[in-house]
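Accompanying notes for the structure given below.
No experiment lies behind these values; they were computed from the predicted model shown.
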Amino acid sequence: MKIEAPGGPRRAGRALVAGLVGLLCSGTALAAAPASAAISPEAVAGVGAARPARAPLAATSAAAPRTAASSASPFGAFPVPRLRWRACGAPLQCTRVAVPLDWSHPKGTKISLSLAKLPATSKARKLGTIFVNPGGPGASGVELMLGDPSFLPAAVRARFDIVGFGPRFVGDSRPAATCLYDEEYASFASSVPAFPVTSSEEADYLDAQAGYAAKCAQHSYLRFASTASVARDLELLRRAVGDKQLTYVGYSYGSYLGQVYAQLYPRTVGAMVLDGVLDAQAWVSGQGDEWRSSPFSARIRSAHGSSASLQEFFRLCRAAGRTRCELATQGNPATTYRWIADQLLAQPIDLGAGVQLDYPALVSATASMLYSPSYWQAFAAELQALYVELTTPASALVPAPAAGASAARATRLRVLARRVAKRATDAAARPVPALEVPRSHEKPLPTKPDPLPAIAPADNGLASFAAVTCADSRNPTQSAEWVSAAQTAEDAYPYFGRAWTWSGALCATWRLTDPNAYRGTFGARTATPLLVIGNTFDPATPYSGAVSTARRFPGARLLTVRGYGHTSAAMPSACVQRSVSYYLLTRKPPRSGAYCRQDAAPFR
């Protein structure tokens, strides 16, 4: 994504939509499929697609009050596929499955989803299958499984197959969402900021987003990207593995997918863990006509979560002192950070090759860093080093002629600035950051998959993020409303108000509409109570989302994690692991009012 008018310098850390929205894990592949490629049933189903078998699929409905939505009524028969698994890097197995492009016309064009499975280690005692979604929208469960399939407790992996799936149009599911050829996308991404700050930047930003949205409108298949369509795919997968009810774990945006599934298919909810929880009603439309003036990206209150988390970062840093948090060297870390931000706002640091570290890049890097408390200490040290370089005269740093000192200082500044900017892509690229923490006692990890998975288009993360969020949510259509909403959020939540609000700007002019989207209310009575997990200082999905979700779904139980980072997986917690294991194995949620602490604290 970009940072200023087309043709301006590139800005580091510009992926607030494709990265910062911790909700998003963008694809990293390099080769795009032709942007104008037509869809044929044979092409999109993919080689090795599962063969149809078993009974036809029809959506289930429920009669209980506030249960299944009307959109879940039968929408046509579709044969349940037989899954043919193949080895794809021991101990994983992979397959592809064909699903309808348009669930309201299930006998029409088919598309292909990718799946990766970690088989249960105790087959004789197997209870079923757990489906996993790591977040996004735009993140693939297949990539999660290929990276480290041991993220769930060993006791759970013994009794369940764990299946990660690539949602429609994501990763190596086919067709893969894309709106621009890779070269065009690279040019677009280098010409737009992480988010706009000035009025002129806002106008340029909206124009650039509108141009990208117009390109996406040329790919009609993207209209069928709504979460409700993904939920129907998930119901098909449940039937394909033969489970009577769905067992599901959803992180971040995956929590919204879980809520939509629970609303459409409440009777088939077996056990459902929602971790890092979005407020579904806020995502869709907010209260009443709130959507007319407030975008979904402001309504979900991620800016509030980031702001509260940053204040905790400053508080804990100051309490730790400069020996454990270098940003406390001047006394108040918040004051030092504000000074750095003001300097970058006034004069970005030139990193060479037309790249800059500017204010939006700093905010983007900070928001990303907050996802993973294990990065906090290193990030504080980098900020302190940057502060020292910016405040110390060059002649005092390098005993050399002024010109040489200035050059050396500029070099050091570039190195430090690159480290800070790199945080914006490294940390934000993980929808569930701590899932990648090595577990030496649970080795071996899988070997490298063979053959290599298909490469996704460069803009797959952004295109799929926009296609899903804009299909799901109602948003203002007037530019002035977006500008006003961003300013209102910035006034309430400094640094992050603009960043989060503008992350949804593609929806301002999005033209595609999914006829199968669900935009109703939530609160179905599910067959099994949901387990809702929320960190008290989650920077992307604030704790209030978990609270409102637990209250909204009858019988749902809230597990509070008193800690930091995005989702309970951001920091280890044996308490959370025990609670999740017990729930998945017994379908019995923790007691009311249950809470857990993290096993470690930042800066210690």
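- With rounding to the nearest 0.5 Å, the separation of CZ in F314 from CZ in R338 is 9.0 Å.
- In this structure, a donor-acceptor pair under 3.5 Å is absent between the side chains of Y185 and T178.
- By the 4.5 Å heavy-atom criterion applied to side chains, V170 and V468 are not counted as neighbours.
- A donor and an acceptor atom, one from each side chain of D472 and S226, are nowhere located under 3.5 Å apart.
- The shortest heavy-atom contact between A517 and A471 is CB-O, 3.6 Å.
- The heavy-atom pair separating F188 from A208 by the smallest distance is CE1-O, 3.5 Å.
- Ring geometry, F296 versus F465: the interplanar angle falls from 30° to 60°, so the pair is classed tilted.
- A donor-acceptor pair under 3.5 Å is formed between the side chain of Q259 and the backbone N or O of S255.
- By the 4.5 Å heavy-atom criterion applied to side chains, V277 and I533 are not counted as neighbours.
- Side-chain contact between Y265 and R232: present, with at least one pair of heavy atoms (C-beta onward) separated by less than 4.5 Å.
- Considering only heavy atoms from C-beta on, P100 stays 4.5 Å or farther from D102 through its side chain.
- Looking only at distances, no side-chain donor or acceptor of E481 sits under 3.5 Å from a matching main-chain atom of Q478.
- The ring pair (Phe, Tyr, Trp, His ring centres under 6.0 Å) with W283 is formed by just one residue from the set F522, Y256, W291; it is Y256.
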Problem set entry | Check against side chain to side chain contact (heavy atoms under 4.5 Å, CB included), W510 and C216 | CA-CA 8 Å; W510 193 260; C216 293; 3.4 Å; yes
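- Taken from CD1 in I300 to OG in S503, the straight-line distance is 6.5 Å, to the nearest 0.5 Å.
- Remark: side-chain polar atoms of S173 are not paired, donor with acceptor, to backbone N or O of F169 under 3.5 angstrom.
- More than 12 heavy atoms of other residues, nucleotides or ligands lie within 6.0 Å of CD in Q311, so this atom counts as buried by the packing criterion.
- A distance of 9.0 Å separates OG1 of T391 from CD1 of I340, quoted to the nearest 0.5 Å.
- Judged by distance alone, the side chains of Y221 and T109 never bring a donor and an acceptor atom under 3.5 Å apart.
- Judged by distance alone, the side chain of R519 and the main-chain N or O of S473 form a donor-acceptor pair under 3.5 Å.
- A salt bridge links D279 to R552: at least one charged side-chain nitrogen sits closer than 4.0 Å to a carboxylate oxygen.
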Exercise. How far apart are the C-alpha atoms of Y248 and Y261, what are their side-chain angles, what is the distance that settles it, and do they pass the side chain to side chain contact (heavy atoms under 4.5 Å, CB included) test?
Worked result: CA-CA 10 Å; Y248 174 80; Y261 181 94; over 6 Å; no
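- Residues Y493 and R301 are in side-chain contact: their nearest non-hydrogen atoms beyond the backbone lie under 4.5 Å apart.
- In this structure, S548 contributes its side chain and S544 its backbone to a donor-acceptor pair below 3.5 Å.
- In this structure, L257 CG and L274 CG are separated by 9.5 Å, a value rounded to the nearest 0.5 Å.
- Side-chain atoms of R223 and L101, non-hydrogen and from C-beta on, never get closer than 4.5 Å to each other.
- Nearest heavy atom pair, residue V197 against residue P360, reads CG2-CG, 4.0 Å.
- Of the possible donor and acceptor atoms, none in the side chain of N516 sits under 3.5 Å from a partner among the backbone N and O of S229.
- Among all heavy-atom pairs drawn from N133 and G254, the shortest one is OD1-CA, 3.3 Å.
- Under the 30°/60° scheme for interplanar angles, the aromatic rings of Y564 and F537 are found to lie parallel.
- Between E312 and R315 there is a salt bridge, since a side-chain N of the basic residue sits under 4.0 Å from a carboxylate O of the acidic one.
- Here the shortest heavy-atom pairing between A524 and A262 reads CB-O, 3.6 Å.
- Residue E290 qualifies as enclosed at atom CD: its count of foreign heavy atoms under 6.0 Å is above 12.
- The OG1 atom of T509 sits 8.0 Å away from atom CG of L206, with the distance rounded to the nearest 0.5 Å.
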Problem set entry | side chain to side chain contact (heavy atoms under 4.5 Å, CB included) evaluation trace for L327 with W376 | CA-CA 10 Å; L327 196 61; W376 288 13; over 6 Å; no
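- Side-chain N or O atoms of D358 include none that pairs as donor or acceptor with a backbone N or O of P348 at under 3.5 Å.
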Exercise. Under the ring-ring contact (aromatic ring centres under 6.0 Å, His included) criterion, do F313 and Y337 qualify, and how do the steps go?
Worked result: CA-CA 11 Å; F313 170 83; Y337 183 90; 7.8 Å; no
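- For the pair D538 (side chain) and T541 (backbone), a donor-acceptor distance under 3.5 Å is present.
- Of the inter-residue distances, the one linking T567 atom OG1 with D275 atom CG reads 5.0 Å to the nearest 0.5 angstrom.
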Problem set entry | Residue pair C470, L512: steps toward the side chain to side chain contact (heavy atoms under 4.5 Å, CB included) verdict | CA-CA 8 Å; C470 301; L512 302 174; over 6 Å; no
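- Listed for the N475 side chain is no donor-acceptor partner under 3.5 Å among the backbone atoms of P295.
- The minimum heavy-atom distance between L278 and T549, with the atom names listed, is O-OG1, 3.5 Å.
- Under the 4.5 Å side-chain criterion, counting only non-hydrogen atoms from C-beta, V363 is in contact with F496.
- Salt-bridge formation is detected for the pair D233/R168: a Lys NZ or Arg NE/NH1/NH2 atom is positioned less than 4.0 Å from an Asp or Glu carboxylate oxygen.
- Between V230 and F224 there is no side-chain heavy-atom pair separated by less than 4.5 Å.
- Judged by distance alone, with hydrogens and angles left aside, the side-chain atoms of R498 form no donor-acceptor pair with the main-chain N or O of F195 at under 3.5 Å.
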